[in-house]
> 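Take a look at the following structure, please.
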Protein chains: 2
Amino acid sequence: MPDEVPIMRIGRNLLVTLQGDLEDATVEQIERVVTREVARTEATGMLIDISGLTLVDSFVARVIARLVGMVRLLGARTTVVGMQPAVAITLVELGVSLKHVHTALNAEQGMARLRGRQDERLD
Amino acid sequence: MPDEVPIMRIGRNLLVTLQGDLEDATVEQIERVVTREVARTEATGMLIDISGLTLVDSFVARVIARLVGMVRLLGARTTVVGMQPAVAITLVELGVSLKHVHTALNAEQGMARLRGRQDERLD
């Protein structure tokens with residue numbers, strides 16, 4: 001994980017790209033940077049792209065769920081995109097459902113989903 | 001269960017037909033094939049037709065719930081169709097509610113339900 005957390009602004013949404021390995025230190029940095037950017041840009045939606053993560057296990061799933069929770073407290077909705085089929089199988093086998101986390105296959109579908117929810121309702 | 005898992009693409013949706021007996025080995029294959037196809041076709045919805053299963057017990061219900069969970073992580077919604085009346089009775093008697101799994105009587109109604117959910121809101 002590089003020092004910088006890549007965050008791109010697309011309209012009212014932020015696209016956050018998680019890459020490489022997530023370690024405790026970098027997780028804290030990601031949480032700080034992402035929450036600060038949500039507040040600074042007054043974003044209403046966030047996409048977290050996890051396709052660049054080398055490993056997605058129950059630890060990483062918890063990190064994602066935490067991050068989604070933090071962003072939610074700031075009033076923005078998150079969609080997680082870029083999950084590989086094998087990762088989906090592993091997470092369910094580990095009993096990690098990410099039940100409260102919205103998912104979409106890729107950034108395009110995720111963005112459409114955020115737009116749809118912004119148009120209709122904020123849940 | 002034949003080696004091939006019958007999957008048909010209908011617009012943005014996939015129709016997966018489960019047939020015969022579900023055994024541990026075939027379940028893993030179904031999970032692999034279905035998740036791969038959802039990702040490959042960028043499907044937003046899936047119908048699982050269980051009318052061809054010889055037996056639907058709590059094991060099969062768990063398999064279906066797991067599969068629905070995996071597909072959800074990939075951003076697609078699932079509706080289970082083709083449940084026989086006797087199966088509905090058995091599942092409730094077994095205490096299996098499939099609470100988080102959407103169901104419809106047949107493929108036509110299931111497809112309408114997927115379309116309705118795609119049009120109205122993505123949650």
Side-chain angles (χ1 to χ4, degrees), chain A residues 13 15 18 44-51 53 56-58 60-65 68 72 77-123, chain B residues 5 7 9 11-14 16 22 24-46 48 59-78 80 97-102 114-123:
Chain A
N13 301 307
L15 170 60
L18 300 185
T44 56
M46 187 172 76
L47 285 183
I48 305 180
D49 186 350
I50 62 168
S51 60
L53 288 177
V56 181
D57 56 7
S58 59
V60 173
R62 268 199 308 279
V63 167
I64 293 169
V68 170
R72 196 186 65 78
R77 298 293 167 268
T78 304
T79 297
V80 174
V81 302
M83 192 179 292
Q84 301 299 319
V87 170
I89 292 174
T90 307
L91 289 183
V92 170
E93 277 172 352
L94 289 169
V96 179
S97 67
L98 283 174
K99 209 166 9 194
H100 302 294
V101 176
H102 290 273
T103 50
L105 195 63
N106 50 38
E108 188 189 350
Q109 287 186 14
M111 201 58 86
R113 177 157 303 195
L114 280 179
R115 261 198 305 272
R117 275 189 287 148
Q118 277 158 7
D119 291 348
E120 283 147 27
R121 57 178 201 140
L122 291 159
D123 68 342
Chain B
V5 184
I7 300 185
R9 189 173 176 178
R12 307 284 317 262
N13 302 308
L14 293 181
V16 179
L22 289 185
D24 283 345
T26 50
V27 166
E28 278 182 29
Q29 196 207 352
I30 291 168
E31 291 174 353
R32 255 197 330 272
V33 171
V34 167
T35 52
R36 194 187 57 206
E37 282 302 293
V38 168
R40 195 181 65 80
T41 62
E42 302 188 355
T44 55
M46 187 172 76
I48 305 181
F59 167 73
V60 173
R62 269 200 308 278
V63 167
I64 292 169
R66 278 167 53 108
L67 193 57
V68 170
M70 292 170 187
V71 169
R72 195 191 70 79
L73 286 177
L74 296 173
R77 298 295 166 266
T78 303
V80 174
S97 66
L98 282 176
K99 207 163 15 190
H100 302 294
V101 176
H102 290 272
L114 281 179
R115 261 199 305 272
R117 276 190 285 151
Q118 277 158 7
D119 291 348
E120 283 151 24
R121 59 180 199 139
L122 292 157
D123 69 342

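All values below were derived from every heavy atom in this structure, side-chain atoms included, with hydrogens, water molecules and symmetry-related copies excluded. Lettering follows sequence order; numbering is per chain, from 1.
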> Identify the heavy atoms of Leu74(B) and Met83(A) that sit nearest to each other, and give their distance.
CD2-O, 3.3 Å

> Would a distance-only check, ignoring hydrogens and angles, find a side-chain to backbone donor-acceptor pair under 3.5 Å from Arg72(B) to His102(A)?
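It does not hold such a pair.
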
> At what distance, to the nearest 0.5 angstrom, does CZ of Arg32(B) lie from CD1 of Ile89(A)?
7.5 Å

> Any salt bridge (Lys or Arg N to Asp or Glu O under 4.0 Å) pairs touching residues 89-112 of chain A, not counting sequence neighbours?
Glu93(A)-Arg66(B)

> Non-hydrogen atoms of chain B under 4.5 Å away: do they reach the side chain of Val80(A), the backbone, both or neither?
neither

> Of all the heavy-atom pairs spanning Leu91(A) and Leu73(B), show the shortest one and how long it is.
CB-CD1, 3.9 Å

> Given the options Leu98(A), Val101(A), Asn106(A), which has more heavy-atom pairs under 4.5 Å with chain B than any of the others?
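If we count pairs closer than 4.5 Å to chain B, Leu98(A) comes out on top.
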
> Can you check whether Gly75(B)'s main-chain N or O pairs, donor with acceptor, with Gln109(A)'s side chain at less than 3.5 Å?
no

